[in-house]
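Notes for the one structure printed next.
Order of appearance sets the numbers: ligands from 1, and atoms from 1 within every ligand.
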Amino acid sequence: MDGNGRWAKRRHLPRAMGHQRGVEAVRKLVRSLKDTGVECLTLYAFSSENWKRPGEEVDDLMNLMRKFIKSDLPEFVANDVQLRIIGDWQGLAPDIVEMLEDALEQTSKGSRLLAVALNYGSQQEIVRAAAKAAADGEVTEQAIAAHLDTADLPPLDLLIRTSGEVRLSNFLLWQSAYAEMMFVDTLWPDFTPEHLQRALAEFEGRDRRYGGR
Ligand code: FPP
């Protein structure tokens with residue numbers, strides 16, 4: 001979900017406003033999931049590298065997270081959304097961990113998966129998974145995949161990065177081995193359910209060969 005800062009800068013607004021509008025884009029997208037065939041939407045909300053940002057911005061993002069969980073949890077439950085978290089989320093502030101545990105519990109029966117990457121870094125995730133596989137005595141592709149944070153999620157089909165940047169920034173590196181990629185210029189706060197529908201239509205037209213022919 002890249003481009004919140006630039007969205008705000010173009011409007012001479014504080015960065016926090018960009019993140020706030022980013023949350024609104026998330027809300028609309030989650031509401032639209034029922035009109036798509038998307039089984040699981042995974043959002044990169046906070047990376048393990050985002051701690052390098054100024055303390056004030058990190059605080060703004062954490063406060064947005066608190067507000068978002070509080071305000072939107074009842075809607076998730078009502079709309080059949082099941083929350084999942086990937087990343088080292090136990091390393092977040094204790095009150096957020098508690099809120100997330102409650103949200104996971106309350107949404108556990110939902111059929112539409114919303115995975116949020118929090119304190120997430122893909123390289124760290126792969127190292128953790130490989131270490132667990134080694135401890136079990138078997139370092140194979142299957143064993144590593146089984147220990148990734150995404151082990152219980154469906155395979156990644158489509159990865160979209162907003163804001164015109166063309167890199168993965170430590171997101172789902174293992175999982176994107178055969179994922180289709182889309183890099184769109186739209187800044188995250190401007191990314192609407194219609195943008196997602198268009199991306200899905202383009203995805204339908206892609207020829208996926210998984211190395212075969
Ligand atoms: C990248 O934009 C965005 C982030 C680091 C945070 C994304 C977080 C949200 C949209 C809100 C929190 C999410 C939830 C689910 C509550 P940037 O700041 O790097 O933008 P820039 O590259 O234009 O400066």
Taking heavy atoms and a distance under 4.0 Å, where does [X] meet ligand 1: side chain, backbone, both or neither?
X	value
L187	neither
R27	neither
R15	side chain

So, 4.0 Å and heavy atoms of [X]: is ligand 1 close enough to count as a contact?
X	value
R53	yes
G3	yes
D2	yes

Could you tabulate the donor-acceptor pairs under 3.5 Å formed by side-chain atoms of residues 176-185, not counting sequence neighbours?
residue	atom	partner	partner atom	Å
S176	OG	L172	O	2.6
S176	OG	L173	O	3.3
E180	OE1	R206	NH1	2.9

Ignoring hydrogens and angles, state whether a donor on the side chain of D2 or T162 is under 3.5 Å from an acceptor on the partner side chain.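 No donor-acceptor contact under 3.5 Å links the two side chains.
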Check the side chains of S48 and Q124 for a donor-acceptor pair under 3.5 angstrom, ignoring hydrogens and angles.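 Checked: Q124/S48 side chains pair up, N/O donor to acceptor below 3.5 Å.
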Which protein non-hydrogen atom lies closest to [atom], naming both residue and atom, and how far is it?
atom	value
atom 4 (C) of ligand 1	H19 CE1, 4.0 Å
atom 16 (C) of ligand 1	F68 CD2, 3.5 Å
atom 13 (C) of ligand 1	A45 CB, 3.9 Å
atom 10 (C) of ligand 1	N4 ND2, 3.4 Å
atom 14 (C) of ligand 1	M65 SD, 4.0 Å
atom 1 (C) of ligand 1	M1 O, 3.2 Å

Atoms of ligand 1 close to [X] [distance to a heavy atom under 4.0 angstrom, numbered from 1]:
X	result
V23	11 (C), 12 (C)
R6	21 (P), 22 (O), 23 (O), 24 (O)
G5	17 (P), 18 (O), 20 (O), 21 (P), 23 (O), 24 (O)
N50	5 (C)

D136 vs H147, test: side-chain hydrogen bond (donor to acceptor under 3.5 Å, both in side chains). Steps then yes/no. CA-CA 11 Å; D136 289 349; H147 287 294; 3.0 Å; yes
Taking C-beta and beyond as the side chain, do [X] and [Y] meet within less than 4.5 Å on heavy atoms?
X	Y	result
P154	L113	yes
E56	R15	no
E49	N170	yes

With sequence neighbours excluded, what pairs up with R112 under the salt bridge (charged side-chain N to carboxylate O under 4.0 Å, His left out) test?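 For R112 there are no salt bridge (charged side-chain N to carboxylate O under 4.0 Å, His left out) partners, ignoring immediate neighbours.
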Going through the distances and angles, do L83 and Q106 end up as a side-chain contact (heavy atoms from CB on, under 4.5 Å)? CA-CA 9 Å; L83 185 70; Q106 284 200 47; over 6 Å; no
Tell me if the centroids of the rings in F46 and W51 come within less than 6.0 Å of each other.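 Yes, they do, as the ring centres are separated by less than 6.0 Å.
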